Amino acid sequence: MKILFFGTPVFSEIVLNGLLENGFEVVGVVCQNDKPAGRGKKLVTPHIVEIAKAHNLPVYQFEKLSLYIEEFKKIDYDLGVTASYGKILPRKLLEIKPCINVHPSMLPKYRGATPIQGALLNGDKKTGVTIMKTEVGMDDGDIFVQKEVEIMPDEDYLSLMPRLAKIGLELLMETLIKIENGTAKRTPQEHEKATFVKLIQKEDALLDFSMPVESLVNKTRAYVVSPVAFFTLGEDRIKVYKAKVADMTIDANVGEIIPNKKRFLVQASDGVFEILKCQASGGKVLDANVFLNGYRFKTRVANV
RNA sequence: CGCGAGGUAGAGCAGCUCGGAAGCUCGCCGGGCUCAUAACCCGGAGGUCACAGGUUCAAAUCCUGUCCUCGCAA
């Protein structure tokens with residue numbers, strides 16, 4: 001069975017790599033265009049392109065898929081597989097050949113672009129992965145299989161995402177085999193139970209200390225790769241990569257940095273937010289105690 | 001040539017405007033104190049101040065070039 005793979009970020013890479021390692025016949029990779037990124041706005045090629053090239057797979061980078069339907073008709077494939085492709089595939093493309101999708105949530109919960117972050121943001125104890133049919137609607141296709149996955153209390157996007165990708169890969173391979181031998185079954189989603197997660201905006205990552213401390217920690221966990229939770233201290237923007245609920249209470253105003261030589265503590269609405277790993281503008285990512293060694297506080301109040 | 005910050009002891013920083021004997025916080029080594037501590041006290045080791053030129057009696061500091069790191073924006 002010839003597979004045409006759609007995907008761009010790390011999640012997609014893990015799934016693609018797995019398919020290749022396990023001998024599935026991938027005939028091409030469709031991913032996003034090169035985009036200007038980083039300092040100097042240099043054009044950056046998605047990393048997944050290197051994986052494709054290493055396996056001598058043709059790479060298709062189309063700005064708008066709907067403009068290249070004829071190109072797709074020329075490709076010899078039997079099934080499309082999307083894994084975190086990010087965009088809705090045009091109807092005409094789906095009409096060429098069927099397509100299935102790897103979605104890291106227990107659909108119909110968390111349809112949309114950021115299901116992993118959604119689960120972390122809500123402090124969920126468990127999430128999951130679903131293999132479903134790719135349709136024109138947003139993640140609303142029939143489900144082949146899904147599996148629940150426990151979220152560890154100290155887990156963040158960086159560790160959860162690859163874990164879900166690997167589980168997704170297993171379920172995907174299982175499903176591919178069933179499709180090939182004709183035993184695949186699928187059931188419609190309970191659409192009335194659907195929930196959605198939106199694209200993340202920069203300002204969503206602001207740590208507003210009038211929020212419950214638990215939510216602040218969850219935000220840090222969800223956004224650790226991008227856009228990274230942050231707050232401001234005077235002119236400086238402090239990014240927070242790792243944090244926890246401090247095992248203490250202190251009487252301080254909301255948003256106030258509590259003086260401490262070794263621990264970076266900020267008062268939230270209902271508890272103390274402890275920063276464990278952070279970064280100031282222009283600096284490196286540092287453990288909190290190291291950060292405190294050199295950082296000169298011009299103000300002790302956040303977000304003013 | 002998108003905008004900006006920075007490279008000084010193992011780590012994080014100050015010093016640079018106004019050239020003139022290398023500092024701070026931590027870590028490390030040794031000693032002391034305490035029922036106890038991510039506590040405190042005393043002592044110690046550790047630096048061609050990114051690299052290369054230039055100006056000067058004298059350069060971490062001023063000038064020029066190179067390399068590297070990071071924030072913003074996209």
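Just so it is clear, the model here is predicted, and its values are computed rather than measured. These numbers come from the heavy atoms of this one structure, side chains and all, not from hydrogens, waters or symmetry mates. Labels below follow one simple rule: chain letters A, B, ... track the order of the sequence lines, proteins then strands, and each chain is numbered from 1.
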B:rA38 and B:rA45, which share atom name C1', separated by this distance in whole Å: 24 Å
d(CZ, A:R39; P, B:rG71) in whole Å: 6 Å
Euclidean distance, atom CZ of residue A:F297 to atom C1' of B:rC24 [Å, nearest integer]: 16 Å
Backbone N/O of A:K125 and side chain of A:E150: donor-acceptor pair under 3.5 Å: no
Residue A:R296, side-chain heavy atoms: nucleotide from B:rC24, B:rC72, B:rA74 that is nearest: B:rC24
Phosphate OP1/OP2 of B:rG27 contacted by A:K262 side-chain N/O (<4.0 Å): yes
Nucleotide B:rC72, atom C1' - distance to CD of A:E203 in whole Å: 15 Å
Between C1' of B:rA14 and NZ of A:K298, the distance in whole Å: 12 Å
Spacing of A:K35 atom NZ relative to B:rA73 atom C1', expressed in whole Å: 15 Å
Under 3.5 Å on both distances, the Watson-Crick or G-U partner of B:rA45: none
Base-pairing mate for B:rU61 - Watson-Crick or G-U, with both contacts under 3.5 Å: none
Interatomic distance at C1', B:rC18 relative to B:rA52, whole Å: 27 Å
First encountered from the 5' end of RNA chain B, between A:N289 and A:K239: A:N289
Side chain of A:N293 - closest among B:rG71, B:rA73, B:rA11: B:rA11
Integer-rounded Å distance: B:rU25 C1' and A:L292 CG: 10 Å
Rounded P spacing from B:rC42 to B:rU25 in Å: 11 Å
Within one Ile-Leu-Val-Met-Phe-Trp-Tyr cluster: A:M173 and A:V15, side-chain cutoff 4.5 Å: yes
Nucleotide forming a Watson-Crick or wobble pair with B:rU56, both distances under 3.5 Å: none
Interatomic distance at P, B:rC62 relative to B:rG19, whole Å: 9 Å
Side-chain N,O (A:Q279) to OP1/OP2 (B:rG71) below 4.0 Å: yes
Counter-base of B:rG19, judged by Watson-Crick or G-U geometry with both distances under 3.5 Å: none
Counter-base of B:rU25, judged by Watson-Crick or G-U geometry with both distances under 3.5 Å: B:rA11
Flag, side chain of A:T130 to backbone of A:M132, donor-acceptor distance under 3.5 Å: no
Inter-nucleotide P distance (B:rG47, B:rA22), Å rounded: 14 Å
Closest listed nucleotide, where the reference is the side chain of A:V290 and the choices are B:rG12, B:rA38, B:rC72: B:rG12
For atom CD of A:E235 and atom P of B:rC3, their distance in whole Å: 20 Å
Minimal non-hydrogen separation, A:K239 against A:V228, with atom names: CB-CG1, 3.7 Å
5'-most by nearest nucleotide on RNA chain B - A:S281 or A:G40: A:G40
Pairing partner (Watson-Crick or G-U wobble, both distances under 3.5 angstrom) of B:rA38: none
Charged tip of A:K97 within 45° of A:Y77 ring normal and under 6.0 Å: yes
Ion pair check, A:K193 and A:E190, cut-off under 4.0 Å: yes
Any strand: nucleotide that pairs with B:rA50 via Watson-Crick or wobble, under 3.5 Å: B:rU66
Pairwise P distance, B:rC51 and B:rA9 [rounded to whole Å]: 11 Å
From B:rG71, B:rG12, B:rC26, nucleotide with atom closest to A:L286 side chain: B:rG12
Touch class at under 4.0 angstrom, heavy-atom based, for A:K42 against every strand present: nothing
Touch class at under 4.0 angstrom, heavy-atom based, for A:K284 against every strand present: sugar-phosphate
Euclidean distance, atom NZ of residue A:K202 to atom P of B:rG71 [Å, nearest integer]: 11 Å
B:rA36 and B:rG46, which share atom name P, separated by this distance in whole Å: 34 Å
B:rA74 versus B:rC68 - spacing of their C1' atoms, nearest Å: 23 Å
Plane angle bin for A:F297 and A:F264 - parallel if under 30°, tilted between 30 and 60°, otherwise perpendicular: perpendicular
